[in-house]
S.K.: 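This is the structure I have questions about; it appears just below.
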Amino acid sequence: MTSEPIQLNRRRFVALGAAALAAPALAACGSGGSGSAKAQKGGTLYILLNSPELDDPATSQSLGISIIHLLHRSLTTWDTSGGGQPKVIPDLATDTGTPSDGGKTWTYKLKPGLKFSNGQVIKAADVKYALERSFDPALSQGLGYHKTLLAGGDKYKGPYQGKQLDSIEVQGDDTLVFHLNRPYGDWPWIASMPAFAPVPKASDPNPHTYVNHQVTSGPYVLTQYQKNKQGVLIRNKHWDKKTAAPGTGKADKIVISLNLNPDVINQRLISDSGNDQYAYTNGASVSAALLPKVNGNPTAKSRMVVSPSGALAYLVMNNRKKPLDQLKVRQAINYAIDKQAYQVASGGSVIGGNIATTLIEPGLNGYQKYDPWNAPVNGDVAKAKALLKSAGVSGLKLTLIADSSGSGVEAKTQAIQESLRRVGITVTIKMMDENSYYDTITNGKGDYDLHISSWLADFPSALGAIQPLFASDQIGNGNFNTALYSNPAVDKLINAAMGETDAAKAAAAWTAIDKRIQQDAPVVPLIYSKNAYMHGSKVAGFTIGQFPPYPNTLTVGTAG
Amino acid sequence: MLRYIARRLIGMAVVLLITGAVTYVIFYWMPSDPARLSCGKPCTPETLHQVRAYMGLNQPIWEQYWHFLEGLVGGRSFGIGQAAAQCPAPCLGYSFHQSMPVRTMIGTAFPVTVSITVGAAALWLVFGVATGMISAVKRGTWWDRGATLLSLTGVATPTYLVGLLGILLLGFQWRLVPVNGYANFTDGIGPWASHLILPWAVLAFVNAAVYARLTRSQLLEVFGEDYITTARAKGLPERIVIGKHSLRAALTPIATMFGMDIGLLLGGAIITEKVFSMQGLGYLLLQGVGQLDLPVVVGVTLFSAFFVVAANLLVDILYGYLDPRVSLA
């Protein structure tokens with residue numbers, strides 16, 4: 001429910017890209033990281049956020065490198081160091097999980113000697129309870145992949161009415177066995193999600209207020225918390241660095257300011273005065289209006305970090321609507337789109353994003369660079385026209401719906417409109433308010449021809465990039481197969497790849513599925529959208545890896 | 001007089017009931033589904049169904065409104081067992097997004113709104129009326145034209161522009177005031193006022209203009225009345241002619257407008273609160289609409305409507321005192 005890495009599903013399904021920045025000629029510094037100084041131990045860090053509140057682990061949609069994990073450790077965590085693809089590594093558990101029964105059962109053992117911030121020993125039952133409470137309708141807002149996978153999860157309504165979920169089996173004090181309703185190879189990533197952070201039952205008499213007095217397992221505890229204002233994190237005395245992921249828990253104290261105006265956040269970071277020298281944001285991407293100011297100030301410019309890649313922005317075609325239900329028409333649109341024009345409308349290659357040709361974004365296991373169309377970046381008008389002609393389609397009129405609050409939405413939609421005008425397709429742009437827009441695209445009724453979307457996987461696996469957007473059971477109900485794409489053969493392939501527990505084999509399978517789906521041309525990949533974040537001059541270790549396009553908050557420290 | 005007030009109070013209740021009903025109907029007709037926003041990711045039909053039931057969205061709209069009215073009198077609870085959310089009477093609704101009763105949220109937000117309103121209103125009333133008086137007395141001079149220019153600038157400039165410019169200059173450039181946020185009155189009068197001075201000034205600048213124009217035209221009208229000519233002919237000093245005889249007569253429409261403006265502002269200064277990152281009622285309403293948080297929207301709307309309606313009544317009663325020609329019956 002916040003808008004750092006972390007947002008409500010619709011926020012992260014960012015209409016028209018997360019980083020819409022207007023100056024194509026910007027020379028951004030240090031793509032990926034800045035500040036050569038190494039993060040030191042100690043000191044106070046300040047995090048400036050536009051989000052109004054901190055989350056309960058059960059209601060959080062945070063990625064594995066987000067603020068919630070300063071407080072809570074899950075069974076596994078993400079290692080985004082090294083610049084390559086992120087790796088899943090053990091956190092509370094001794095390893096990333098042992099599959100059996102062909103990937104339908106996963107077993108974890110907790111590291112010995114782990115303690116909560118209240119001194120209590122962390123037991124397997126605390127993880128089980130934490131997961132169970134995420135099933136209560138009062139705590140339903142979080143990432144819920146586990147809820148769809150744990151056997152019997154569809155019927156379970158949470159522990160507060162006295163029932164347990166039997167598919168989470170506890171053996172002794174330290175062993176957890178998860179029984180899934182299907183083989184699932186990416187369970188180690190799922191086990192990194194916030195709901196897998198232990199919650200001691202005795203400390204949770206009221207799920208509505210747990211967030212205010214949460215018992216933590218991470219490097220910090222929340223000492224003061226005022227919604228809309230701030231949260232103060234100080235060291236958790238019972239956190240043992242030896243059991244934790246490398247590089248975490250550097251600062252002594254972290255002050256999180258909440259609910260700030262995004263422009264104010266960036267102004268403060270540009271000004272870099274007083275405590276703001278120790279401040280950073282992972283929520284307010286630098287806006288187009290502020291870019292000239294950052295560019296005109298060399299020290300500010302050196303403190304802006306641009307992600308190397310990011311969410312896939314893509315043009316969605318309604319695969320069920322005539323004549324978009326014809327493959328040739330969708331292929332024609334794929335040839336017709338001027339991706340470079342879209343890139344310019346998004347802020348250019350340096351800061352807007354790189355041209356996309358795949359469905360899986362860079363940084364995910366399974367990403368392989370390829371281009372099914374081999375068309376120039378400006379599109380291939382002749383081929384598109386020929387395809388339309390052979391499909392017997394002429395004078396085509398399409399409606400593109402868009403979220404009017406999306407950044408740079410006019411320029412982006414016009415780039416699409418202009419692209420298609422070249423091949424004789426007339427596009428009418430229909431702006432909608434944010435809520436109506438999301439409802440229209442996710443209710444499964446398909447009252448549109450085209451819309452532009454942006455998708456970032458919830459975990460660094462190609463599964464997270466493909467299955468939510470292209471599996472046929474993800475149509476409607478607030479889910480995101482908004483192309484209404486349904487191909488039983490592809491469903492079968494997705495199903496098989498989801499069960500693959502060997503990472504290399506799974507990666508190969510997802511690459512093949514990416515290519516297979518693009519043969520059906522349900523969407524047009526546009527760009528991999530970048531994000532740009534500022535930090536103060538005394539902040540170190542502020543880096544953005546291949547995935548996700550956000551700084552790793554767990555390893556940021558002060559520069560002394 | 002008492003009968004008049006009783007009649008008006010009944011009228012108030014009816015207006016508030018209708019306001020609440022209309023808010024419910026508008027929300028019901030919107031295409032979006034609040035349960036879908038709270039369903040998590042991914043969202044399954046089973047979870048969606050459970051969330052709908054928990055939020056009470058599976059009931060017909062009239063039943064939802066009826067339960068709301070019941071809650072006002074007797075309190076409500078949502079959900080079953082230990083996880084049930086309690087909303088004691090008078091329950092203005094329960095926000096599932098924020099996991100707290102709407103009344104608690106209003107309780108936190110209202111002092112912010114009152115702080116903004118009181119300071120800003122005092123400023124604009126004093127400056128507006130003073131400017132209007134100068135303009136009227138010195139009609140046609142450079143004073144008058146200067147004041148007119150200033151007023152028109154105020155009327156014509158949007159709050160957010162003045163607000164952001166103020167933050168940029170006074171906050172970032174000269175560092176005279178905090179950039180944004182709100183400090184409680186209990187944190188000390190210094191921090192409280194320093195956080196509020198900019199929003200006060202901005203609201204006063206934007207609003208004072210209208211008061212200046214109104215005061216000017218009212219005074220000029222009164223100046224033409226026979227009794228003012230008489231007062232002058234009697235040799236009364238100009239100070240008394242303007243301050244006592246003219247201004248009092250000109251005050252009635254100003255009081256009307258002032259009452260309505262305060263009533264409106266107590267319902268939340270949406271743009272000002274947004275610009276200065278202050279979490280008053282306006283912010284609450286905006287957030288509620290953005291998150292499809294119907295209970296918050298209904299609660300805040302009714303609370304705000306109450307002030308507008310109450311201000312109306314108060315102004316009408318005040319008329320009797322300000323202008324002896326008006327009698328209430």
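Computed from a prediction, not measured in an experiment: that's the story for all the values here. Atoms considered below: every heavy atom in the structure, side chains included; atoms not considered: hydrogens, waters and symmetry mates.
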S.K.: Under a 4.0 Å threshold between the charged nitrogen and the carboxylate oxygen, would A:Lys157 count as salt-bridged to A:Asp136?
M.R.: no

S.K.: Heavy-atom distance under 4.5 Å to chain A: side chain of B:Gln50, backbone, both or neither?
M.R.: both

S.K.: Minimum heavy-atom separation for B:Ala109 to B:Leu284, with atom names?
M.R.: CB-CD2, 4.1 Å

S.K.: Pick one of side chain, backbone, both or neither for A:Gln161, based on which atoms fall under 4.5 Å of a heavy atom in chain B.
M.R.: side chain

S.K.: Picking from A:Asn228, A:Asp263, A:Val211, A:Asp433, which has the most non-hydrogen pairs under 4.5 angstrom with chain B?
M.R.: A:Asn228

S.K.: Please classify the contact of A:Arg268 with chain B as side chain, backbone, both or neither, using a heavy-atom distance under 4.5 Å.
M.R.: both

S.K.: Grab the two heavy atoms, one from A:Lys147 and one from A:Leu139, that are nearest each other, plus how far apart they are.
M.R.: NZ-O, 4.3 Å

S.K.: Using non-hydrogen atoms only, which part of A:Pro207 is less than 4.5 Å away from chain B: side chain, backbone, both, or neither?
M.R.: side chain

S.K.: Quick one: what part of A:Asn477 sits under 4.5 Å from any heavy atom of chain B, side chain, backbone, both or neither?
M.R.: both

S.K.: Considering only heavy atoms from C-beta outward, does the side chain of A:Arg133 approach that of A:Tyr210 to under 4.5 Å?
M.R.: yes

S.K.: Just say parallel, tilted or perpendicular for the rings of B:Tyr54 and A:His208, cut-offs at 30° and 60°.
M.R.: parallel

S.K.: Taking side chain as C-beta onward, heavy atoms only, is A:Lys229 less than 4.5 Å from A:Leu258?
M.R.: no

S.K.: Chain A heavy atoms under 4.5 Å from B:Met55: which part of the residue, side chain, backbone, both or neither?
M.R.: neither

S.K.: B:Tyr182 versus chain A, heavy atoms under 4.5 Å apart: side chain, backbone, both or neither?
M.R.: backbone

S.K.: Is there a donor-acceptor contact under 3.5 Å linking the side chains of A:Tyr184 and A:His146?
M.R.: no

S.K.: To the nearest 0.5 Å, what is the distance between CG on B:Leu294 and CD on B:Gln291?
M.R.: 13.0 Å

S.K.: Taking every heavy-atom pair that is under 4.5 Å apart, which of A:Asn261, A:Asp154, A:Asn259 has the most such pairs with chain B?
M.R.: A:Asn259

S.K.: Does any heavy atom of chain A fall under 4.5 Å from the side chain of B:Ala84, the backbone, both, or neither of them?
M.R.: backbone

S.K.: Under a 4.5 Å heavy-atom cut-off, does chain B meet the side chain of A:Asp204, its backbone, both or neither?
M.R.: backbone

